Amino acid sequence: MDLNSIKLPVYLKLAQIVMGLVAFFYILYVGQNIIIPFILAVVIAILLNPAVNYLCSKKLNRILAISLAIFAGFILLAAVLFFIGSQLVMFSETFPQFKQKFDALSVEAVNWVTQTFGLSKSRLQEMLTNIKTEGMKNGTVVVTKTLGAMSNIFALFVLLPVYIFLILFYKSLLLEFISMLFHNAKKHIVEEVLVETKALIQSYLMGLLIEAVIVSALFSVGLLLLGIEYAILIGIIAAILNLIPYIGNLIAMVFPITVALTNKEPTYVLWVIILFSTVQFIDNNLIVPKIVASKVKVNALISIIVVLIGGALWGIAGMFLSIPLTAILKVIFDRIDDLKPFGFLIGDDQPPVSKIAFNLKSGSKRSKAK
């Protein structure tokens with residue numbers, strides 16, 4: 001019996017697809033401590049590859065060229081982290097003042113609520129005490145999770161340089177291995193996918209870097225004009241969080257609003273919201289389309305879905321990696337006939353209404369006529 005001639009019922013095919021997806025996402029979740037560093041290493045290696053090629057063209061030993069490129073990248077990252085850390089240390093020194101002002105503001109808020117809505121002050125304070133108690137219980141869990149995350153981050157920074165070095169050093173071996181997996185007739189398609197993937201990652205990451213610098217400058221200048229303390233620190237943190245699509249800007253807004261509440265008049269909260277909304281509008285309509293999204297053709301609906309899935313599977317790293325990984329999948333899908341519909345679904349090429357295959361309005365009219 002020819003196994004290829006066996007036709008399975010639709011429900012069995014759907015069951016196979018569902019089971020395959022469940023197994024795939026389960027492996028991604030369970031193996032995240034191995035998969036995330038490796039994917040990040042591949043992405044960074046592709047970004048550093050032009051620098052390594054340039055150094056090798058200057059007759060520099062390949063091992064030395066890779067080491068210098070990785071060292072320069074980590075020095076740059078360390079400088080940014082050192083600046084943020086020094087600013088956080090300065091902020092921690094004034095944290096008792098912030099706490100005192102915030103407590104005073106909380107008392108004023110309680111008095112206003114009791115006078116405006118006629119609530120019992122003792123009852124309201126009891127509710128706030130319960131909330132604080134629950135917060136302390138949850139805080140213990142958060143601290144435990146944070147320590148676990150810190151250990152994972154430390155392991156990531158130890159493994160990442162090793163992965164990057166080995167990927168760059170064995171680049172030719174890996175490319176030859178990929179070539180051996182396909183027949184000669186398919187090799188030109190694989191080459192197109194690899195070239196486009198490399199260009200996509202390089203342009204996307206460089207675009208994100210430029211976007212972060214511009215957004216950080218806009219946030220910092222705006223907060224300085226408003227007289228918000230630690231404006232540069234807040235601007236840098238907000239620009240980094242803004243790299244998380246769609247929800248990063250909302251998270252970044254919490255810190256400056258808290259500072260404005262404790263050090264300025266309540267009207268400054270409104271100005272902070274207006275500033276962040278304006279920068280977000282400029283970012284979404286000018287910076288991202290011109291700099292970041294020129295290569296990554298993923299529509300907004302799919303972007304939101306994959307960001308949420310990435311966050312559920314891998315946390316912040318998953319949110320950051322979800323868009324470029326989806327764009328790479330689109331590059332692959334566009335070159336496989338059976339998967340082209342999925343590539344079209346991911347893309348942002350909206351077909352004209354006149355060319356849509358299903359005319360639902362006319363179909364409804366025909367059904368009424370019958």
Side-chain angles (χ1 to χ4, degrees), residues 32 34-81 153 155-182 186-214 240 243 288 290-298 310 314 317-335:
Q32 58 182 301
I34 299 173
I35 299 172
I36 292 175
F38 183 75
I39 293 178
L40 285 174
V42 171
V43 170
I44 297 173
I46 292 174
L47 189 63
L48 294 178
N49 187 59
V52 174
N53 291 339
Y54 173 78
L55 292 174
C56 290
S57 67
K58 299 298 181 181
K59 307 302 182 182
L60 201 63
N61 181 272
R62 184 166 184 81
I63 295 177
L64 184 58
I66 296 172
S67 302
L68 286 175
I70 295 174
F71 180 74
F74 274 84
I75 285 294
L76 181 62
L77 178 62
V80 174
L81 293 178
I153 291 173
L156 177 66
F157 274 92
V158 171
L159 289 175
L160 207 55
V162 178
Y163 281 155
I164 296 170
F165 180 89
L166 293 176
I167 289 170
L168 288 171
F169 183 75
Y170 290 111
K171 182 183 74 171
S172 58
L173 183 146
L174 296 173
L175 291 176
E176 186 62 24
F177 166 73
I178 295 173
S179 174
M180 293 172 65
L181 293 176
F182 299 92
K186 300 289 184 181
K187 285 185 179 180
H188 70 282
I189 298 177
V190 177
E191 184 179 357
E192 287 179 6
V193 170
L194 292 175
V195 170
E196 192 166 343
T197 299
K198 182 186 73 171
L200 186 149
I201 291 175
Q202 290 175 348
S203 63
Y204 179 72
L205 292 180
M206 290 304 298
L208 283 182
L209 181 61
I210 296 171
E211 179 200 9
V213 172
I214 296 173
I240 294 173
L243 297 178
V288 171
K290 299 294 183 183
I291 299 175
V292 180
S294 58
K295 291 288 184 181
V296 182
K297 301 293 184 182
V298 180
W314 292 346
M319 292 181 175
F320 174 73
L321 291 171
S322 59
I323 300 295
L325 290 180
T326 305
I328 293 171
L329 286 178
K330 174 175 167 49
V331 172
I332 297 172
F333 291 166
D334 286 342
R335 283 161 176 79

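Keep in mind that what you see is a predicted model, and the values were worked out from it rather than measured. Excluded from the calculations below are hydrogen atoms, water molecules and symmetry mates; all remaining heavy atoms, backbone and side chain alike, are included.
- Annotation for A327 and L200: closest pair CB-CD1, 3.7 Å, computed over non-hydrogen atoms.
- Of all heavy-atom pairs spanning W314 and L325, the tightest one is CZ3-CD1, 4.3 Å.
- Of all non-hydrogen atoms in N53 and R62, the two that sit nearest each other are OD1-NH1, 4.4 Å.
- Counting only heavy atoms from C-beta outward, the side chains of L47 and I201 never approach each other to under 4.5 Å.
- Sorted by first and then second residue, the side-chain hydrogen bond (donor to acceptor under 3.5 Å, both in side chains) pairs with a member in residues 164-177 read N49-K171; sequence neighbours excluded.
- Residues A317 and I36 approach most closely at CB-CG2, 4.0 Å, considering heavy atoms.
- The neighbour count for F169 CZ, taken as heavy atoms of other residues, nucleotides or ligands under 6.0 Å away, does not exceed 12.
- In this structure, I34 CD1 and Y163 OH are separated by 6.5 Å, a value rounded to the nearest 0.5 Å.
- For the atom pair CD1 (I70) and CG (L160), the distance works out to 9.0 Å, reported to the nearest 0.5 Å.
- Rounding to the nearest 0.5 angstrom, the gap separating the CD1 atom in I44 from the CG atom in L77 is 8.5 Å.
- When all heavy atoms of A45 and L168 are compared, the closest pair comes out as O-CD2, 3.4 Å.
- The main-chain N or O of L175 is never found under 3.5 Å from a side-chain atom of S179 such that the two would form a donor-acceptor pair.
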Discussion item. If you apply the rule side chain to side chain contact (heavy atoms under 4.5 Å, CB included), what do you find for T326 with K330, and how did you get there?
Written reply: CA-CA 6 Å; T326 305; K330 174 175 167 49; 6.0 Å; no

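- One distance of note links CZ of F38 with CG of L159; it measures 12.5 Å at 0.5 Å rounding.
- Around atom CG of L181, more than 12 heavy atoms belonging to other residues, nucleotides or ligands sit under 6.0 Å away.
- Heavy atoms from other residues, nucleotides or ligands lying under 6.0 Å from NZ of K187 number more than 12.
- With rounding to the nearest 0.5 angstrom, the CD1 atom of I35 is 12.0 Å from the CG atom of L40.
- Taking the side chain as every heavy atom from C-beta outward, F165 and I63 approach each other to under 4.5 Å.
- Considering CG of L329 and CG of D334, their distance stands at 10.5 Å, rounded to 0.5 Å.
- For F71, the CZ atom sits in a loose shell: 12 or fewer heavy atoms of surrounding residues, nucleotides or ligands are nearer than 6.0 Å.
- Shortest non-hydrogen contact noted between F320 and Y204 is O-OH, 4.5 Å.
- Two residues are said to be in side-chain contact when any heavy atoms from C-beta on lie closer than 4.5 Å; K198 and L194 fail this criterion.
- Heavy-atom contacts from other residues, nucleotides or ligands closer than 6.0 Å to CD of E192 number more than 12.
- A 4.5 Å side-chain heavy-atom check between I46 and L205 finds every atom pair outside the cut-off.
- Counting only heavy atoms from C-beta outward, the side chains of L64 and L55 never approach each other to under 4.5 Å.
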